[in-house]
Amino acid sequence: FQITMDSVTSTEWLAKLKSAHPSLPYYEPGTVEIDTENLLGEGAVCAAYRAILPEYVAEACGVTVGDRVVCARVILDGFDSDLLRDLDVLKDVADLSVPLYGYTLHVAPVTGLHHLVLLSALCIHGTLEDVAKAASAPMAPLVKADVLLQVARGLCKLRRRGIVWRDLK
């Protein structure tokens, strides 16, 4: 993990998050099982790990459906100040983004330092690049065209909402 907070700082962040996003569920430290041995990937803002969200409640019917495999996005050092703004943006583009299930703190066993973690849907097959590399044959031209069209439509929707994506890969 690359972001560290003492207990006072993490308490302040939790208060800010709860105030700004009261409908976003908070999970007590230790209730989400984060597999810190297996890094799924790193981006500009976070490092991603596979995690288990216990006793997940299905939004559509309010029924507990059991454990759910999720992505634990650990906010990297220096990006925590942008977090509330970024969560506002995600809420505004929920139809275009990966679903966000909640947040938690992970307390490092050795150091006792706190790490802020966002819990989101896990894309089981990885990124589009991962899928393309794993394929036994190159993508057909029509499949490539469909993917590019979907990306272009998503970018246009974001732009209409005043958002310009800065790190499209």
Side-chain angles (χ1 to χ4, degrees), residues 1-3 13-14 16-27 32 34-35 38-53 56-63 65 67-106 115-169:
F1 289 98
Q2 296 178 347
I3 187 172
W13 267 106
L14 290 179
K16 288 179 187 179
L17 275 170
K18 287 176 184 175
S19 173
H21 297 275
S23 64
L24 190 60
Y26 170 68
Y27 296 90
V32 178
I34 301 171
D35 184 1
N38 294 305
L39 178 69
L40 296 174
E42 280 187 286
V45 177
C46 67
Y49 299 88
R50 184 180 303 263
I52 302 293
L53 184 59
Y56 177 75
V57 178
E59 294 172 24
C61 59
V63 174
V65 293
D67 295 350
R68 181 177 211 156
V69 178
V70 298
C71 178
R73 298 163 48 188
V74 180
I75 307 303
L76 297 178
D77 200 10
F79 288 95
D80 50 335
S81 61
D82 297 332
L83 181 62
L84 294 176
R85 179 184 50 84
D86 290 349
L87 286 174
D88 288 337
V89 169
L90 284 174
K91 187 168 57 174
D92 290 342
V93 295
D95 58 319
L96 299 174
S97 64
V98 174
L100 193 58
Y101 299 132
Y103 60 99
T104 189
L105 287 176
H106 176 75
H115 310 281
L116 185 59
V117 180
L118 295 179
L119 304 166
S120 66
L122 175 68
C123 300
I124 293 179
H125 300 293
T127 66
L128 178 58
E129 181 181 14
D130 296 335
V131 171
K133 285 180 181 178
S136 57
M139 279 189 210
L142 285 176
V143 173
K144 289 179 184 177
D146 181 54
V147 167
L148 289 173
L149 186 58
Q150 289 179 52
V151 169
R153 284 183 179 146
L155 290 171
C156 286
K157 284 182 179 180
L158 289 173
R159 180 66 184 104
R160 282 195 294 271
R161 295 179 186 172
I163 300 166
V164 177
W165 199 261
R166 65 181 164 89
D167 64 350
L168 185 64
K169 298 173 186 157

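Worth saying up front: this structure is predicted, and the values here are computed from it rather than measured.
- Using a 4.5 Å heavy-atom cutoff, the side chains of L122 and L40 are in contact.
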Applying side chain to side chain contact (heavy atoms under 4.5 Å, CB included), run through R73 and V117 and close with a yes or a no. CA-CA 5 Å; R73 298 163 48 188; V117 180; 5.8 Å; no
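- In terms of heavy-atom proximity, L39 sits nearest to A47 at CD1-CB, 3.9 Å.
- Here the closest non-hydrogen pair linking C71 and A121 is CB-O, 3.6 Å.
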Decide yes or no on side-chain hydrogen bond (donor to acceptor under 3.5 Å, both in side chains) for R68 and Y101, but give the supporting numbers first. CA-CA 10 Å; R68 181 177 211 156; Y101 299 132; 3.2 Å; yes
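- By the 4.5 Å heavy-atom criterion applied to side chains, L119 and V32 are counted as neighbours.
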Less than 3.5 Å apart, which donor and acceptor atoms pair up between the side chains of residues 134-151 and the rest of the protein, not counting sequence neighbours?
from : atom 1 : to   : atom 2 : distance (Å)
D146 : OD2    : Q150 : NE2    : 2.8

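- A search for side chain to side chain contact (heavy atoms under 4.5 Å, CB included) contacts involving A20 returns L84, not counting sequence neighbours.
- Side-chain contact between L105 and L14: present, with at least one pair of heavy atoms (C-beta onward) separated by less than 4.5 Å.
- Y26 and Y103 have their aromatic ring centers within a separation under 6.0 angstrom.
- Counting heavy atoms from C-beta on, the side chains of L118 and L100 come closer than 4.5 Å.
- In this structure, the side chains of H106 and V74 stay at 4.5 Å or more apart for every pair of heavy atoms.
- Distance alone, capped at 3.5 Å, is enough to place a donor-acceptor pair between the T104 side chain and the Y27 backbone.
- At a threshold of 4.5 Å between non-hydrogen side-chain atoms, the residues D35 and Y49 do not count as touching.
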